[in-house]
Amino acid sequence: MADKIFDVVVVGSGASGGTLAAHLARAGVNVAVVEGGPKINTRTDFNTHAMPFEFPNRHIPTMKPGKQGFDSERSRGLGGKTLTWNAVAWRYSQRDFKGRSFEGAGEDWPFEYKDLAPYYEKIEREVGVCGNLDGLEDLPDGVFQPPVPMKCTDIAVRNGAAKLGVKVIHVRKATLSRAAHGRPACHFCGNCMAGCDVVAKYNSADVHLAPALKTGKLTMFTDSVAREVVVSNENRVTGVRFLNRNTKREGEVGARVVVVSCACVQSVALLMMSRSRLYPNGLGNSSGQLGRHFIPHFTGGVQCFLKEFIGKPGTNDEGYLDHAYVPSFMHNRKRDYARSFGIQFNYQNRRAVGWARSIPGFGRSYKQAVKDRYPAFLTFSPYGEMLPNPKSFVDLDWEKSDSYGLPMARRNVSYSENDWKIFRDMTEWSRRILESAGAEILSVSEEPRTNHELGGCRMGTDAKTSVLNGNCQSHDVKNLFVVDGSVFPSASEKNPTHTMMALAARTAHYIANGLRKGEL
C-alpha cells in the first residue's frame, strides 16, 4: 500500500507523459511521474559527437561508458524518446482527424482539428517549432520560428519534384532556429538522434519536467519499472505498482487518477498485465479492443547519388539532419487506394555510410570513389498511413519474460491490400522524383518496414469498439487515462509526436478541471 496519495500519477516521462505532468503541476495538481529509466544528464551522457571509427565494432553506443539507460523497452531514461528523436513536428489536419468521413476508410477521431488547434499552438509556443508558413490545406500552419535553410541537395530535389508538380517544403521541427526560453539556437553540431547536449532540440526532461519541479507539485520516481495499474473492487484505479530497476524490489505510488503514457506498445502491455477480477483480459478492456488495430507507419526507402554533386568537396552535415520534406500530395490525384504518404529525406550524415559497401573497386580507387560520392548521397524515406485492421495487433507472450520477469510484448503486423498499394505508389513516386532531380539510384526497398508505433488503445465514441473516449479517458474506469500514440484511431502519414503532445496538454486541462470540480 502506498504511503502518500497523489492527485495524479503519470507512467512515463516522454513527449506525452512529460508534457502532461508539467501542465498538471503548473495547474497546481500534485503529480508523481513513474519512469522506468534513470535520470540522464543530457549535457554529458550521450555520444552526441562520436563517430563509428572511434569504436571497435563501428557501432556507436547511445550512452557513454558508465552511463545507464536505454537498455530495454522498459528502462530508458527521464525524458523517454524525446532525448533521441528527430524532433519533426507536424500538425494533423481535419482530413487526418476525419479520414473516414472524407474517404470512407479508416476511423474518425472523436473530435475535430479545431478542438486540438489551440493545444498545438500552446505546445509550439512552449517548446519552439521552426518552419515555414506554407498555406497547405492538409498540413496546417502554426506558430513558428524561422525555418532553417535548405541544403544544396534539398534544392536539387525541390527543382526535380517541381517538374512533376510536387511541392518540397522546409521541415518543421521542435528545434530552435533562434534562441528562446533560455535555450540556444541549434548550431548544427551533431546528430539530433544521438541527443542534443545544448537543448536546442526539445526534450521533455529539460524543457517540461525540470521547470515543473520548481512548482513543488511534481515528484519523480526514476528507475521504477511499472508492472501493474491497481484497480479497486469499486472499479477505480488507485495507483501504480513498480519494480526498482536496480534492486527489483517492488514499490507502489498511490493516486486519485492514473495516466498511462509509456509509449504505444508498452502502454498497451502495461494495461494487459494489469489483470484483475474485474478485468481478467486487461484493465479497461471490456470491449476486447485493447491491443487491436495496431497501425504503425510503414516506410520504404530509396538510396541514391545526385549526380551533379559527385566529386564536389565534402561537407560536415552532422547537424539538424533533414532540412526539407515532401508533404502529402495524393489526396487530390486519381488513385486506387485510400489515404496518402509523405516523404522525409536527407537525414543521413557522416555516421551513416553503410552504402559504401555497395561501391565497386578496391584500394585507393575504391576510397576515392566513396569520397567522391559522399557529398552526393541521399536517402529518401516515404511514410505511408496504415489503415486499421483486426489482423494487426499487440499482445503479450506470457511464456517469454524480460529481465524484470514481465511478459514480453509482441507486435503482430499484417498489411492490407490498401497498404501495399500505398507502399508501391510511394516507392514509385520516390524513384520518379529522384530521377527528375538527376539521381543515380543505388537501392530501392522491396518491402515496407514499420516506424512510429500507433494504435492498440484507441479513442472513440462507442465503448464497444474503442477503449477510450475523446478525452483519452477509459470507457470502463472513470479515473484512468491513456495518453500517447496508442490512443490514435487512425495514423495519418505525418510524424505523430506533435499531436501526442497537444493531446497531452488537452488531457491535462480536462483532468485538472475534473479534479477541481470533484468529478474524478
Side-chain angles (χ1 to χ4, degrees), residues 86 88 90 131-139 147-173 297-315 317 319-335 337 340-349 352-355 358-359 369-385 421-446 448 493-495:
N86 193 22
V88 174
W90 310 117
N132 194 49
L133 300 176
D134 298 295
L136 301 176
E137 179 182 358
D138 288 320
L139 189 62
V148 298
M150 290 189 186
K151 301 177 183 179
C152 294
T153 46
D154 296 333
I155 294 171
V157 172
R158 184 179 65 183
N159 293 341
K163 298 175 187 177
L164 304 174
V166 175
K167 184 181 288 290
V168 173
I169 66 171
H170 291 86
V171 75
R172 301 172 187 173
K173 286 191 177 186
H297 283 147
F298 57 87
T299 185
V302 178
Q303 293 185 325
C304 71
F305 302 107
L306 294 175
K307 287 182 280 189
E308 68 175 287
F309 294 95
I310 294 177
K312 294 290 180 66
T315 58
D317 63 354
Y320 196 87
L321 303 185
D322 45 333
H323 292 214
Y325 179 71
V326 181
S328 168
F329 57 90
M330 294 303 298
H331 286 303
N332 296 320
R333 295 178 184 244
K334 186 177 180 180
R335 62 199 193 282
Y337 55 83
S340 187
F341 58 88
I343 304 172
Q344 290 184 246
F345 67 98
N346 226 355
Y347 52 81
Q348 79 287 341
N349 57 27
V353 287
W355 54 266
S358 303
I359 303 301
V370 172
K371 289 179 180 178
D372 287 345
R373 282 167 173 75
Y374 174 74
F377 179 71
L378 188 78
T379 295
F380 226 58
S381 295
Y383 284 72
E385 175 178 351
K421 287 180 178 179
I422 293 177
F423 174 76
R424 288 190 286 267
D425 203 32
M426 71 188 197
T427 301
E428 178 58 27
W429 270 103
S430 295
R431 184 194 291 271
R432 288 178 63 189
I433 291 169
L434 290 171
E435 289 177 343
S436 180
E440 171 190 306
I441 304 299
L442 177 64
S443 65
V444 180
S445 297
E446 297 181 355
E493 78 289 342
K494 304 175 183 72
N495 304 53

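Note that these values count all heavy atoms, side chains included, but never hydrogens, waters or copies made by symmetry.
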* Find out whether Tyr320 and Lys151 are in side-chain contact, i.e. whether some heavy atom of one side chain is under 4.5 Å from a heavy atom of the other. => no
* Structure fact -> Heavy-atom closest pair (Pro375 atom, Gly314 atom, distance to 0.1 Å) is CG-CA, 3.8 Å
* Using the side-chain contact (heavy atoms from CB on, under 4.5 Å) rule, take Tyr325 and Asp154 through it: C-alpha gap first, then chi angles, then the decisive distance, then the call. => CA-CA 9 Å; Tyr325 179 71; Asp154 296 333; over 6 Å; no
Can I get a per-line list of side-chain donor-acceptor pairs under 3.5 Å for residues 299-313, giving both atom names and the distance, sequence neighbours left out?
unit_1: Thr299; atom_1: OG1; unit_2: Pro382; atom_2: O; d: 2.7
unit_1: Gln303; atom_1: OE1; unit_2: Ser443; atom_2: OG; d: 3.2
unit_1: Lys312; atom_1: NZ; unit_2: Glu308; atom_2: O; d: 3.2

* For Ser340 against Met330, the heavy-atom pair lying closest together -> OG-CB, 3.5 Å
* Checking side-chain contact (heavy atoms from CB on, under 4.5 Å) for the pair Ile343/Ser430: CA distance, chi angles, key distance, verdict? -> CA-CA 8 Å; Ile343 304 172; Ser430 295; 3.9 Å; yes
* **Nearest-0.5 Å distance that lies between atom CD in Glu385 and atom CZ in Phe341** => 12.5 Å
* Please walk me through it: do Ile441 and Glu435 pass side-chain contact (heavy atoms from CB on, under 4.5 Å)? -> CA-CA 8 Å; Ile441 304 299; Glu435 289 177 343; 4.2 Å; yes
* Thinking salt bridges, do Arg172 and Asp134 make one under a 4.0 Å N-O criterion? -> yes
* pair Ser381-Tyr347: side-chain heavy atoms closer than 4.5 Å -> yes
* **Nearest-0.5 Å distance, NE2 of residue His170 to CG of residue Leu133** => 11.5 Å
For residues 157-164, which side-chain donor-acceptor pairs fall under 3.5 Å, sequence neighbours excluded?
unit_1: Asn159; atom_1: ND2; unit_2: Ile155; atom_2: O; d: 3.3

* Is Glu446 close to Thr427 at the side-chain level, that is, under 4.5 Å between some pair of heavy atoms? -> no
* Tell me, do Val88 and Val171 make a side-chain contact under 4.5 Å, heavy atoms counted? -> yes
* **Nearest-0.5 Å distance that lies between atom CD1 in Ile359 and atom CZ in Arg373** => 5.0 Å
* Gap between atom CG of Asn332 and atom CD of Glu137 - 0.5 Å precision -> 7.0 Å
* Test side-chain contact (heavy atoms from CB on, under 4.5 Å) applied to Ile422 and Glu493, step by step -> CA-CA 11 Å; Ile422 293 177; Glu493 78 289 342; over 6 Å; no
* Structure fact -> CG of Leu442 to CG of Leu378, rounded to nearest 0.5 Å, is 11.0 Å
* Taking the side chain as every heavy atom from C-beta outward, state whether Leu139 and Lys494 have any atom pair closer than 4.5 Å. => yes
* **Passing option when Phe345 is tested against Asp322, Val168, Thr153 for side chain to side chain contact (heavy atoms under 4.5 Å, CB included)** => Val168
* Lys/Arg cation over aromatic Tyr337: Arg335, 6.0 Å, 45° cone -> yes
* Asked: Once the angle between the rings of Tyr374 and Trp355 is folded into 0 to 90°, is it parallel (under 30°), tilted (30 to 60°) or perpendicular (over 60°)?
  -> parallel
* Heavy-atom neighbours of Lys167 NZ exceed 12 at 6.0 Å -> no
* Asked: How far does CZ of Arg432 sit from CG of Asp425, to the nearest 0.5 angstrom?
  -> 8.5 Å
* Quick one: does Val326's side chain get under 4.5 Å of Phe380's, heavy atoms only? -> yes
* Asked: Is the ring centre of Phe423 less than 6.0 Å from the ring centre of Tyr383?
  -> no
